[in-house]
Amino acid sequence: MEDLLRCVQGDITGMEVDAIVNAANNSLLGGGGVDGAIHQAAGPGLLAACRLLGGCPTGEARLTDGYLLPARYVIHTVGPVWQGGGEGEPELLAACYRNSLELAVSRGVASIAFPAISCGVYGYPLEAACILAVGELRAWLSGRPHGLREVRLVAFDARALDAYRRAIEA
Ligand code: APR
């Protein structure tokens with residue numbers, strides 16, 4: 001299978017892909033980090049749409065339009081808060097990637113960009129999260145027809161880019 005995975009460094013809000021993934025919280029009412037950046041770039045329409053969704057359980061994903069973003073859709077997913085690794089965090093993080101892809105493909109998305117879900121405020125160890133993300137994405141992509149042409153892993157800094165590169169090249 002030609003590897004659809006790419007890692008890049010940059011700000012996910014400016015990326016010209018069909019869908020960007022937001023590392024949200026259970027309320028879906030915005031926050032800091034990438035969540036704050038996406039809401040700021042998308043404008044108030046995004047929050048208005050999120051209010052109607054009634055929140056999102058950890059590990060699940062919800063889709064909205066992208067409003068003022070270049071991306072057509074935002075897929076909001078809620079990663080686990082790192083509590084040491086024994087509270088089902090890996091399984092929940094894997095579910096974020098799987099559920100986001102399922103939702104994207106159900107809307108005919110051909111290109112999608114992910115931030116490093118849970119690796120900021122939620123404290124998930126970066127290297128472990130990148131290895132998990134690459135493994136989970138590759139497993140899902142090889143398991144069924146999907147129509148995706150590009151899956152972009154977005155690093156916000158050089159350390160994250162290096163972690164993604166090592167996970168992809170391993
Ligand atoms: N573009 C791409 N990546 C970004 C951007 C951006 N503009 N801003 C931050 N990041 C990166 C961070 O460097 C980190 O690697 O996104 C990753 C996820 O970090 P957070 O945004 O803190 O998300 P998370 O750790 O999942 O915590 C979620 O933070 O912002 C709140 O409302 C959010 O409560 C939720 C919590």
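One is the number of the first residue; the rest follow in order along the sequence. Note that ligands are numbered from 1 as they come in the structure, with each ligand's atoms numbered from 1 the same way.
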Subject >> Reported CD-to-CG distance for the pair Q40 and L46, which is rounded to 0.5 angstrom >> reply: 12.0 Å

Original post:
C119 versus E127: any side-chain heavy-atom pair under 4.5 Å?
Top reply: no

Original post:
Please state which protein non-hydrogen atom is closest to atom 25 (O) of ligand 1 and give its distance, to 0.1 Å?
Top reply: G120 N, 2.8 Å

Original post:
Of all the non-hydrogen atoms in the protein, which one sits nearest to atom 21 (O) of ligand 1, and at what distance?
Top reply: V34 N, 2.8 Å

Original post:
For atom 17 (C) of ligand 1, what's the nearest protein heavy atom and its distance?
Top reply: A116 O, 3.3 Å

**OP:** Please say which of L63, L69, I12 ends up in a side chain to side chain contact (heavy atoms under 4.5 Å, CB included) with V74.
**Re:** L69

Subject >> Minimum-distance pair of heavy atoms, taken over all atoms of S111 and L148 >> reply: N-CD2, 4.2 Å

Original post:
Quick one: does A155 get within less than 4.0 Å of ligand 1, heavy atoms only?
Top reply: no

Original post:
Touching ligand 1 at all, S118? Heavy atoms, strictly under 4.0 Å?
Top reply: yes

Original post:
Can you find an N or O of I12 that's nearer than 3.5 Å to an N or O of ligand 1?
Top reply: yes

**OP:** Please determine if G32 has a nitrogen or oxygen closer than 3.5 Å to a nitrogen or oxygen of ligand 1.
**Re:** yes

**OP:** Within a distance under 4.0 Å of any heavy atom of A23, pick out the atoms of ligand 1 and give their elements.
**Re:** 23 (O), 26 (O), 28 (C), 33 (C)

Original post:
atom 34 (O) of ligand 1: which of D11, L29, V8, N25 has the nearest heavy atom?
Top reply: N25

Original post:
Which atoms of ligand 1 have any heavy atom of D35 under 4.0 Å away?
Top reply: 30 (O), 32 (O), 33 (C)

**OP:** Among all protein heavy atoms, pick out the one at the shortest distance from atom 36 (C) of ligand 1; state its residue, atom name and that distance to 0.1 Å.
**Re:** Y122 CE1, 3.4 Å

Subject >> I168 and R138, any side-chain heavy atoms less than 4.5 Å apart >> reply: yes

Original post:
Looking at atom 11 (C) of ligand 1, what's its closest protein heavy atom, distance included?
Top reply: F156 CB, 3.9 Å

Original post:
In this structure, which one of L101, V154, T77 forms a side chain to side chain contact (heavy atoms under 4.5 Å, CB included) with F114?
Top reply: L101

**OP:** State, to 0.1 Å, how close F156 and Q9 come at their nearest heavy-atom pair, and which atoms those are.
**Re:** O-NE2, 4.0 Å

Subject >> G31 neighbourhood, listing ligand 1 atoms whose heavy-atom distance to it stays under 4.0 Å >> reply: 30 (O), 32 (O)

Subject >> Sequence-distant partners of A133, side chain to side chain contact (heavy atoms under 4.5 Å, CB included), two or more places apart >> reply: Y97

Subject >> N or O pair under 3.5 Å between V154 and ligand 1 >> reply: no

Original post:
Any sub-3.5 Å donor-acceptor pair from R144's side-chain atoms to W140's backbone N or O?
Top reply: yes

**OP:** Could you find the nearest protein heavy atom to atom 22 (O) of ligand 1 and give me its residue, atom name and distance?
**Re:** V121 N, 2.9 Å

**OP:** Run the numbers for me: atoms of ligand 1, each under 4.0 Å from some heavy atom of A37, listed by number.
**Re:** 7 (N)

**OP:** For R166, look at atom CZ and say whether over 12 heavy atoms of other residues, nucleotides or ligands are found less than 6.0 Å away.
**Re:** yes

Subject >> Where ligand 1 meets G10 - atom numbers and elements under 4.0 angstrom, heavy-atom basis >> reply: 1 (N), 2 (C)

Subject >> G36 near ligand 1 by a heavy-atom separation under 4.0 Å >> reply: no

Subject >> Short side-chain to backbone donor-acceptor contact, N26 and C56, under 3.5 Å >> reply: yes

